[in-house]
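Below is one structure, written out as structure tokens; the observations come after it.
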Amino acid sequence: MKLIEEGRGELIQPPDVEAFREWNRTQKTRRLVDKVMDEHEAVRRFVTDGCYIGTELYGTVRAPMSLAREVVRQKPKNLRVSGQGVLELDLWLAAGLVEALDITYIGLEVYGVSSALRREVESGRVKRVTDWSNAALSWRLKAASMGVPFLPIRSMMGTDTLKVSAAKVVEDPFTGIKVCLVPAMILDVSLIHVHRCDKYGNAQVDGISGFAFEIARASKRLILSTEEIVDTEVIRQQPDRTIIPYYLVDAVVHAPFGSHPGEMVYDYARDEQEIRAWIKASETAEAAQNYLQKFVYDLPDHQAYLEMIGEARLAELRRKAESHR
Amino acid sequence: MSTATTEYSANEIMVCIAARLMKDGTTAFIGTGIPMLAASLAQRLYTPNLITVFEFGGVGPIMEELPMAVGESRSFHRGLAASGICDTMETAQRGFIDYGFLGGAQIDAYGNLNTTVIGKYYPPKVRLPGSGGGNDVGSLCWQTIAIMRHDVRRFVPKCDFLTTPGYLDGPGAREAAGLPRGSGPLNVVSTLALLGYDRQHTYRMTLEAVYPGVSVEQVVQNTGFELIIPEQVPTLDPPTAEELHTLRQEIDPDRLYI
């Protein structure tokens, strides 16, 4: 296969599909064991210093926000982050946890550019940055989920996005056209928030599936947070709804309103007021620290966070989601 | 189009012009902001069978309320399918998505866009969010429409960083780079004018029409590169009362964008 062009970006975690197979053979049990634990234990056990970590879906939509806050509370050092995110990665950036970024998009959508991202990258505190497109990142996860070292894709070519990435352009040996090869992204750990799962980790999501299917299969360790822990019989009644089977999962954390201030389709709506509170606070390093103090460091866990937000507000968000149906 | 009115904002006329570009019975990849408003307006007034596709999986929603994020529930409210990002991007890669909407901090004469950095790559003067789906939309949709505020800081001779491909550096460049044959930019809807591309010869940006009250000279002064200006430059109809009413009363009553 003829190599035509190579991105000069650093491949932050080179994929090793043989080691990944070996890992899946030796480190992932096939037994149906109860994996329910609290967020403190799940993060302590699986989110380690320097780990290569991803989250799904993102920021304001089915986001593992309760787990993201627990990560901030435990302060793992030098995280290498697979960067598709809004509020969750913003919190980690503001807390100074991020050493390297494989980034496609970190921003605040309608609210614009992320101040935390700007501060951390422009100052050089995030030491390594490699850019990709959104599809490229998703397809990198897909390659890992397939157990292959790369996938050919047709975007990124001709641009600086390719030049600063770690992708390569080659001539396809079958058709002769140029294709861009993106390397598999095998994560040390990922965090996914779901609507429901059983104690073993058989999980279902409602609505769009984002990249849950791919990232779950691309990760050596997987922490699920879930709105509801259901009996396995509920899963068995509709096995076609299971997007993540139990053997991929290492921890199940019960987290009602786990996506707050983001939404959970059909369950509760976005909390615009609390989203804006973070966006305002994130504008300066000092205000961001005050926010983290109040909403994360000073609280022992997610339950305390929900108590601070208050039942009335949470009930209102449920009513709002009901009216959207 | 019915009675004209003179009172409207820059965002409102961009939404109306973009809505009039949509075609019924086509598919369009939609991002956050102005494209959502334009698609919603087009669906209500002009193109009831426009199928919108949102990158995280929403296909064919009925946008009764504006989504605030490309993955949120309103992006697949009463939709035809709720899928995932690999599926929507692969659908574009297979040639199923007719139009894609883009935005950026900078655009050049070939429609290349920058949403990554201002200044050098690392560490940058300003770190912007990154490509997101922009590069993929610009690579894989058949035709793209960029929506941009029109000034010399944004319409630049050369982007600081080429995030999303337009026509790269001219005729044949996309195909030579390996991008799908026959794809590329169609229009730019700016705050001053509707622009297109000279797809016969140079593939550079052309002035297609100005908005009411905007002169050709004003467009030239706000563009940091040489535009192709035809002898006759028509003036577009202003937003109609019906368009403005629909936009203000039904689509964005909370005035989040307009």
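Chain A is the first sequence line, chain B the second, and so forth, proteins listed ahead of strands; every chain is numbered from 1.
Of the listed residues A:V113, A:L141, A:D131, the one with more heavy-atom pairs under 4.5 angstrom with chain B than any other is A:D131. With respect to chain B, the highest number of heavy-atom pairs below 4.5 Å among A:R118, A:E120, A:K163 belongs to A:R118. Among A:T60, A:V164, A:I4, the residue with the largest count of heavy-atom pairs under 4.5 Å with chain B is A:V164. Ranked by heavy-atom pairs under 4.5 Å with chain B, the first of A:D206, A:L162, A:L117, A:I177 is A:L117. When each of A:Q84, A:K142, A:M157 is checked for heavy-atom pairs under 4.5 Å with chain B, A:M157 comes out on top.
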Kindly determine whether B:F56 and A:N134 satisfy side chain to side chain contact (heavy atoms under 4.5 Å, CB included), including the steps that lead there. CA-CA 10 Å; B:F56 286 105; A:N134 215 349; 3.9 Å; yes
For B:R74 and A:E263: C-alpha separation, side-chain torsions, deciding distance, then whether side chain to side chain contact (heavy atoms under 4.5 Å, CB included) applies. CA-CA 11 Å; B:R74 286 170 280 202; A:E263 67 161 358; over 6 Å; no
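Salt bridge annotation for B:E72-A:R62: absent, with no cationic side-chain nitrogen under 4.0 angstrom from a carboxylate oxygen. Using a 4.0 Å cut-off between a side-chain N of Lys or Arg and a carboxylate O of Asp or Glu, A:R154 and B:D136 do not qualify as a salt bridge.
Put simply, the side chain of B:V70 reaches to within 4.5 Å of the side chain of A:Y58, judged on heavy atoms. Taking the side chain as every heavy atom from C-beta outward, B:V126 and A:E122 approach each other to under 4.5 Å. Residues A:V121 and B:P124 have side chains in contact (heavy-atom distance under 4.5 Å, counting atoms from C-beta outward). Inter-residue side-chain proximity for A:I103 and B:R127 is flagged as met; some heavy-atom pair is nearer than 4.5 Å.
Nearest heavy atoms, A:V265 versus B:S73: CG2-CB, 3.4 Å. Listed here is the closest heavy atom pair of B:S131 and A:W132: CB-O, 3.8 Å. The two atoms that bring B:G57 and A:I208 nearest to each other are C-CG2, 3.4 Å, heavy atoms only.
Between the side chain of B:N135 and the backbone N or O of A:S133 there is no donor-acceptor pair closer than 3.5 Å. Side chain of A:T161 to backbone of B:T163: a donor-acceptor contact under 3.5 angstrom is found. A:K178 places no side-chain N or O within 3.5 Å of a backbone atom of B:L179 that could act as its donor or acceptor partner.
Inspection of non-hydrogen atoms places B:T116 of residues 102-120 of chain B under 4.5 Å from chain A.
When only modelled atom types and interatomic distance are considered, B:Y121 and A:D160 share no side-chain donor-acceptor pair under 3.5 Å.
Using a 30° and 60° split on the angle between ring planes, A:Y266 and B:F76 fall in the perpendicular class, above 60°.
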